[in-house]
Participant: 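Before I ask anything, here is the structure I am working with.
Protein chains get the first letters and strands the later ones, always in sequence-line order, with residue 1 at the start of each. In this text, all values refer to a predicted model and were calculated from it rather than measured experimentally.
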Number of protein chains: 2
Amino acid sequence: MVAEPLAEIDAVGLAKGFKALGDPARLRLLSMIAARAGDEVCVCELTDAFTQSGPTISHHLKVLRDAGLVTSERRGSWVYYRVVPSALAALSKLLDTSAMAVAAEA
Amino acid sequence: MVAEPLAEIDAVGLAKGFKALGDPARLRLLSMIAARAGDEVCVCELTDAFTQSGPTISHHLKVLRDAGLVTSERRGSWVYYRVVPSALAALSKLLDTSAMAVAAEA
DNA sequence: TGTCAAACTCGACGGGTGTCGAATCAAGAA
DNA sequence: TTCTTGATTCGACACCCGTCGAGTTTGACA
């Protein structure tokens, strides 16, 4: 958030990322993928951990993919997901700098 | 995101915060407030900077308030907003640790 | 009291979102 | 090829969200 307020054009792109995180199911999905720390996670493993249906999980994964937060790769019969660290870092930094800017004043 | 995947109960609360950030107008509002670094911003100043109507801005500020990301205080005829650093830091940390966990593997 | 300005609430509209079952696609095994 | 399993896409439903104009509240000032 920094010293300079966000330009509208930047806000649109960043909001897409935050919007993708704005659902409990997606947040849990991302956390389960990120918890593997470099390793990938099979979709079958994710669907087993949720009460929602397969199509719903697939939809949420697509939202995370479209937001650039995760990538997917098919190997054989299974599809594996992994996080995109730079994308998460960009969102994190935005909030961090703004929090710091305010904290520094106190 | 850390080593442990998010519990569903935690995910619900955190998702509220991210959801509030998932709109370009709200992201810009928050950035304008945060850019003041400890100082507060008058609503009148915010509405002037946007093309949206007053009621719309007021609605977005309420969403940010309900999410605990900002606080408001009335003084005289004007209402002033300021950010809640700890709330932003909590969201930032979640993304940061997950990004770090993955980056550390590489 | 009455009036004015700032901010919020209300009601409504159009479009978007989460969810599911059914159908479809992809890849391996018989 | 046909069959089976994993994953996605499709179509539909109920609900939510961003937006506005109109009306309401709050406080200052005559």
Participant: I'd like to know if the side chain of B/S31 reaches the main chain of B/R28, judged simply by a donor and an acceptor atom lying under 3.5 Å from each other, with no hydrogens or angles considered.
Facilitator: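 Between the backbone of B/R28 and the side chain of B/S31 there is a qualifying donor-acceptor contact (under 3.5 Å).
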Participant: Let me confirm one number: the CD-OG1 distance from B/Q52 to B/T47, rounded to the nearest 0.5 Å.
Facilitator: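 That separation rounds to 11.0 Å.
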Participant: How would you list, by chain and number, every residue that makes a side chain to side chain donor-acceptor pair (under 3.5 Å) with A/S72, sequence neighbours excluded?
Facilitator: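 Here no residue qualifies.
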Participant: With sequence neighbours excluded, what pairs up with B/P24 under the side chain to side chain contact (heavy atoms under 4.5 Å, CB included) test?
Facilitator: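 B/P24 satisfies side chain to side chain contact (heavy atoms under 4.5 Å, CB included) with A/A11, A/V12, A/A15 only.
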Participant: Taking only residues two or more places apart in sequence, or in another chain, which ones meet B/E45 in a side chain to side chain donor-acceptor pair (under 3.5 Å)?
Facilitator: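 Partners of B/E45 under the side chain to side chain donor-acceptor pair (under 3.5 Å) test: B/R36.
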Participant: Taking only residues at least two apart or on different chains, which pairs with a member in residues 7-26 of chain A satisfy side chain to side chain donor-acceptor pair (under 3.5 Å)?
Facilitator: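 Those involving residues 7-26 of chain A are A/R26-A/H60.
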Participant: Report yes if some heavy atom in the side chain of B/D96 is under 4.5 Å from a heavy atom in the side chain of A/D96; otherwise report no.
Facilitator: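 They are not in contact (no side-chain heavy atoms under 4.5 Å apart), so the answer is no.
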Participant: Let me know the distance between CG of B/L46 and P of C/dA6, rounded to the nearest Å.
Facilitator: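 Computing the B/L46:CG to C/dA6:P distance gives 14 Å.
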Participant: Mind listing the N/O atom pairs, protein and nucleotides 28-30 of chain C, below 3.5 Å?
Facilitator:
none

Participant: On DNA chain D, which is the earliest and which the latest nucleotide, 5' to 3', with an atom closer than 4.0 Å to a heavy atom of chain A?
Facilitator: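 Listing 5' to 3', DNA chain D meets chain A from D/dG6 to D/dT9.
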Participant: If the condition is side chain to side chain donor-acceptor pair (under 3.5 Å), which residues does A/S77 pass it with, not counting sequence neighbours?
Facilitator: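 With sequence neighbours excluded, A/S77 shows a side chain to side chain donor-acceptor pair (under 3.5 Å) to no residue whatsoever.
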Participant: Run the side chain to side chain donor-acceptor pair (under 3.5 Å) test against A/T71 and tell me which residues pass, sequence neighbours left out.
Facilitator: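 So A/T71 forms no side chain to side chain donor-acceptor pair (under 3.5 Å) with any residue.
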Participant: CD of B/E73 versus P of C/dC8: gap in Å, rounded?
Facilitator: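 In whole Å, C/dC8 P lies 13 Å from B/E73 CD.
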Participant: Is any side-chain heavy atom of A/V41 closer than 4.5 Å to a side-chain heavy atom of A/R82?
Facilitator: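 Result no, sub-4.5 Å side-chain heavy-atom pair not found.
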Participant: With heavy atoms under 4.0 Å as the rule, sort B/Y81 into base, sugar-phosphate or nothing.
Facilitator: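 Counting heavy atoms under 4.0 Å across all strands, the contact made by B/Y81 is with sugar-phosphate only.
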Participant: What integer distance in Å separates B/D66:CG from C/dC8:P?
Facilitator: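 Atom CG in B/D66 sits about 12 Å away from atom P in C/dC8.
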Participant: Classify every nucleotide of nucleotides 17-24 of chain C by which part a protein heavy atom approaches to under 4.0 Å, writing B for the base, S for the sugar-phosphate alone and - for neither, in 5'-to-3' order.
Facilitator: SSBBBB--
Participant: Under a single-linkage definition using a 4.5 Å side-chain heavy-atom cutoff for Ile, Leu, Val, Met, Phe, Trp and Tyr, are A/F50 and A/L21 assigned to the same hydrophobic cluster?
Facilitator: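 Both belong to a single hydrophobic cluster.
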Participant: Expected output check: what is the dot-bracket annotation of DNA chain D, where ( ) and [ ] are pairs inside the strand (brackets for crossing ones), | is paired with another strand, and pairs are Watson-Crick or G-U under 3.5 Å?
Facilitator: ||||||||||||||||||||||||||||||
Participant: Nearest whole angstrom, please: distance from the C1' of C/dC25 to the CH2 of A/W78.
Facilitator: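 So the CH2-C1' distance, A/W78 to C/dC25, works out to 17 Å.
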Participant: Pairs under 3.5 angstrom only: tabulate donor-acceptor contacts from the side chains of residues 61-70 of chain A to other protein residues two or more places apart or in another chain.
Facilitator:
{"residue": "A/K62", "atom": "NZ", "partner": "A/D66", "partner atom": "OD2", "Å": "3.3"}
{"residue": "A/R65", "atom": "NE", "partner": "A/Y81", "partner atom": "OH", "Å": "3.3"}
{"residue": "A/R65", "atom": "NH2", "partner": "A/Y81", "partner atom": "OH", "Å": "3.2"}

Participant: Show which residues join B/W78 in its hydrophobic cluster (side-chain heavy-atom contacts under 4.5 Å, direct or indirect), or state none.
Facilitator: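 Its cluster mates, by chain and number, are B/Y80.
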